[in-house]
Protein chains: 2
Amino acid sequence: MTTSATDDLWGEAGPGSRRILEAALTAFAARGYHGASTRDIAAAAGMSPAAVYAHHRTKEDLLYAISLAGHRSALTAVERALWEEVTPVGRVRALVHDYTAWHARHHLLARVVQYELGALAPDHRDEILRLRRRTEEVVLDEIAAGIASGAFRTEDPDGVALAVLSLGVDVSRWYAPGGQHTPVSLGRRYATLVLAMLGTDHRSATAG
Amino acid sequence: MTTSATDDLWGEAGPGSRRILEAALTAFAARGYHGASTRDIAAAAGMSPAAVYAHHRTKEDLLYAISLAGHRSALTAVERALWEEVTPVGRVRALVHDYTAWHARHHLLARVVQYELGALAPDHRDEILRLRRRTEEVVLDEIAAGIASGAFRTEDPDGVALAVLSLGVDVSRWYAPGGQHTPVSLGRRYATLVLAMLGTDHRSATAG
DNA sequence: CCTACCGATCGGTAGG
DNA sequence: CCTACCGATCGGTAGG
């Protein structure tokens, strides 16, 4: 359950390009892709309306870059959650914890990435959906492994996987920092609920 | 767990007004409030661009009418779920089942109602949020009642309530008719998962 | 990265 | 519920 604070979300993008991407992320999260104008974004980045196009080909390209970076970050978080865990209970607990916490910690990014897929060009959307499918498969695989080993006794592994992904994604809809929840507190709670769905007594595993 | 097929979603609205509301619902669900133009909506209703304003004051009024009807429908569904159930397990099962099934059955309406709140005028949004809070309280109350009676043994009733609402809402994000799920199959699965979260052996209760 | 600008589309209104 | 239309704003480009 490591937290990555040094991740470089925007890769090789220059400082001007980054400021625009950050502004676009905030604007898209607040008002949606269609509700945010390129002028909004440029102004929030402290630039002229046309500056957006010095760094990015189109408005849709901004959304594509954000969606790609966000889904890659989520997939990395999910893979990293498994690094130091060996038992089925430990692995699923870490997986649910980190996937949930990722959506809380990056709730603006997650919101754009999860709810604005429909505004992407078809080929861009397809690419993003392939990334998301990989994340889904990690969850399915870990649940299947726990069942095969006898650690879980659910009759509906697909339903639990669906619930894990659904609970995580939905966090980005309602989460607000400064409220009663933190990424870690929420991660712990959902991990416990999911282990209950899997027919595992969570108290038999060491708490993180 | 009754299904209401005779609900009148649009109340006293006339036939022209209804066609526009239906078209707006479809357009908002497909492209979002800001992504759907009043011309799109009018064309889908088979009318001229200006016809929208013969029936509705503004575009935001369309969203408000849809949001109000949708949240009232969801609240009614949740209250109706409890009518014939007396045991805590039966009541929570029916509640989760019907709340989940509502979001699948009315997935386009639910999507607009749950994800376009930000586009509402502040006073309209406040009114809608009050309706949603009533739905949330029904869930919280039923879980609390089951704990008080000794039927549930969870340590995190608020977390389970959050999960119930979150799982239900998120159905409207990904659900598509004609897929592997139906409103009823999904309702059953989620009800079972939630009873597991509550520390109840679901097989001890009679299946619906 | 800016100034200046383009054609298209937007929500909404006048008048019937 | 239609035709005709308005001012504002949109995504994007030219030229530097």
Side-chain angles (χ1 to χ4, degrees), chain A residues 10-68 112 116-125, chain B residues 10-68 112 116-125:
Chain A
W10 307 124
E12 58 205 32
S17 177
R18 275 160 195 267
R19 271 165 60 211
I20 291 167
L21 285 167
E22 296 283 358
L25 167 50
T26 308
F28 292 163
R31 295 180 294 283
Y33 176 78
H34 293 293
S37 73
T38 56
R39 280 161 175 80
D40 287 344
I41 294 165
M47 301 175 185
S48 77
V52 169
Y53 297 94
H55 295 286
H56 303 275
R57 276 180 47 258
T58 63
K59 185 187 177 189
E60 192 269 347
D61 247 34
L62 281 175
L63 178 60
Y64 172 58
I66 293 168
S67 298
L68 198 57
V112 174
E116 303 293 337
L117 287 173
L120 286 169
D123 52 332
H124 288 165
R125 179 165 58 240
Chain B
W10 307 124
E12 57 205 32
S17 177
R18 275 159 194 267
R19 270 165 60 208
I20 291 167
L21 285 167
E22 296 281 359
L25 166 50
T26 308
F28 291 163
R31 293 180 294 282
Y33 175 78
H34 292 293
S37 72
T38 55
R39 280 159 174 81
D40 286 345
I41 294 165
M47 299 176 185
S48 78
V52 169
Y53 297 94
H55 295 285
H56 303 275
R57 276 182 45 258
T58 63
K59 185 187 177 188
E60 192 269 346
D61 247 33
L62 281 174
L63 178 60
Y64 172 57
I66 293 168
S67 298
L68 198 57
V112 174
E116 302 294 336
L117 288 173
L120 285 169
D123 53 331
H124 286 166
R125 179 164 58 240

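The figures that follow rest on heavy atoms only: side chains count, while hydrogens, waters and symmetry mates do not.
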(request) Heavy atoms only: give me the nearest A:Arg18-A:Gly11 pair and the separation to one decimal. (result)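 For A:Arg18 versus A:Gly11, the nearest heavy atoms are NH2-O, 2.8 Å.
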
(request) Looking only at non-hydrogen atoms, find the nearest pair between B:Arg19 and B:Gly46 and report the distance. (result)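 Smallest interatomic distance, heavy atoms only, reads NH2-O, 4.2 Å.
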
(request) Indicate the ring-plane relationship of A:Tyr64 and A:His124, choosing parallel, tilted or perpendicular according to the 30° and 60° boundaries. (result)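 Answer is parallel, since the angle falls under 30°.
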
(request) Apply side-chain contact (heavy atoms from CB on, under 4.5 Å) to the pair B:Leu21 and B:His55, showing each step before the final yes or no. (result) CA-CA 10 Å; B:Leu21 285 167; B:His55 295 285; over 6 Å; no

(request) Name the first nucleotide and the last nucleotide along DNA chain D (5' to 3') that come under 4.0 Å of a heavy atom in chain A. (result)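 Counting from the 5' end, contacts occupy D:dC10 to D:dT13.
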
(message) Could you check whether any side-chain N or O of B:Glu116 sits under 3.5 Å from a backbone N or O of B:Leu63, counting only pairs where one atom can act as donor and the other as acceptor?
(response)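 Flag not set: sc B:Glu116 to bb B:Leu63 has no pair under 3.5 Å.
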
(request) Under the side chain to side chain contact (heavy atoms under 4.5 Å, CB included) rule, collect the residues that match up with B:Ala29, sequence neighbours excluded. (result)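 Testing B:Ala29 for side chain to side chain contact (heavy atoms under 4.5 Å, CB included), a comparison that skips the adjacent residues, returns B:Leu108, B:Val112.
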
What contact category does [X] fall into here, base, sugar-phosphate, or nothing, at under 4.0 angstrom with non-hydrogen atoms?
{"X": "B:Ala36", "value": "sugar-phosphate"}
{"X": "A:Ala51", "value": "sugar-phosphate"}
{"X": "A:Ser37", "value": "sugar-phosphate"}
{"X": "A:Ala42", "value": "nothing"}

(message) Against A:Leu62, only a single residue in A:Thr38, A:Leu25, A:Ile20 fulfils side-chain contact (heavy atoms from CB on, under 4.5 Å); can you say which?
(response)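 When A:Thr38, A:Leu25, A:Ile20 are each tested with A:Leu62, the side-chain contact (heavy atoms from CB on, under 4.5 Å) holds only for A:Ile20.
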
(request) Please tell me if the side chains of B:Lys59 and B:Tyr33 come closer than 4.5 Å, counting only heavy atoms from C-beta onward. (result)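 Touching, per the 4.5 Å side-chain cut-off.
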
(request) Enumerate, in order of first residue number, the stems that involve DNA chain D, defined as 3 or more consecutive Watson-Crick or G-U wobble pairs with both distances under 3.5 Å. (result)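 Stems (3+ consecutive pairs) listed as C:1-16 with D:1-16.
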
